[in-house]
Amino acid sequence: MGKIFDLDSGFFKISTRIGDFMILNLLVIIFSIPLITIGPALAAGYYVGLKEVRDEEGAVVKSFWKAFKDNFRQGAIIEIILVIAAVILYFDVSWSYEYA
């Protein structure tokens, strides 16, 4: 029974992985609260998630913050483009129902 709680046991590795992904999801949610930062938060979450699956990163918070800063401009620009496209589609659909 003592082998289950060893640091090298499968139970501990799985528990650590689950905890890391819970922290990562919480960070993505917190950083997405200001609507402007949804794009960079999702990009950073995706980046760190892939690194976690491949066992390439250790610290989730530090990696997320670095990826968030590195991808902020690119994520914000893509998010603005998607918001503009969504607004155009919304008005297009609402006007087509109005005149139909």
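The residues of the chain are indexed from 1 along the displayed sequence.
Note on F31: it does not cluster hydrophobically with L50, by side-chain heavy-atom contacts below 4.5 Å among ILVMFWY residues. If you chain together hydrophobic residues whose side chains sit under 4.5 Å apart, V83 and F91 fall into the same group. Two different hydrophobic clusters hold I38 and I80 under the rule that ILVMFWY side chains link at heavy-atom gaps under 4.5 Å.
Within the hydrophobic cluster formed by Ile, Leu, Val, Met, Phe, Trp and Tyr side chains joined at under 4.5 Å, directly or through other members, M22 is accompanied by I14, I18. Other residues sharing a hydrophobic cluster with I33 under the 4.5 Å side-chain heavy-atom criterion for ILVMFWY residues do not exist; the residue is a singleton.
Pairs engaging residues 15-28 under the side chain to side chain donor-acceptor pair (under 3.5 Å) rule: R17-D55 [sequence neighbours left out]. Residue pairs meeting the side chain to side chain donor-acceptor pair (under 3.5 Å) criterion with at least one member in residues 26-51, sequence neighbours excluded: K51-E56.
Under the salt bridge (Lys or Arg N to Asp or Glu O under 4.0 Å) criterion, K66 pairs with D70, not counting sequence neighbours. For I23, the side chain to side chain contact (heavy atoms under 4.5 Å, CB included) criterion is met by L27, V60, V61, not counting sequence neighbours. In this view, Y90 satisfies the ring pair (Phe, Tyr, Trp, His ring centres under 6.0 Å) rule with no residue, not counting sequence neighbours.
By the 6.0 Å contact criterion, CD1 on I36 is open, its count of non-hydrogen atoms from other residues, nucleotides or ligands being 12 or less.
Closest non-hydrogen pair, F68 versus A44, comes out as N-CB, 3.6 Å.
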Give the table of side-chain donor-acceptor pairs shorter than 3.5 Å for residues 71-79, with sequence neighbours excluded, one pair per line with atom names and distance.
residue	atom	partner	partner atom	Å
N71	ND2	A67	O	3.1
E79	OE1	G39	N	3.1

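Within the 4.5 Å cutoff, the side chain of V28 has heavy atoms near those of the F64 side chain.
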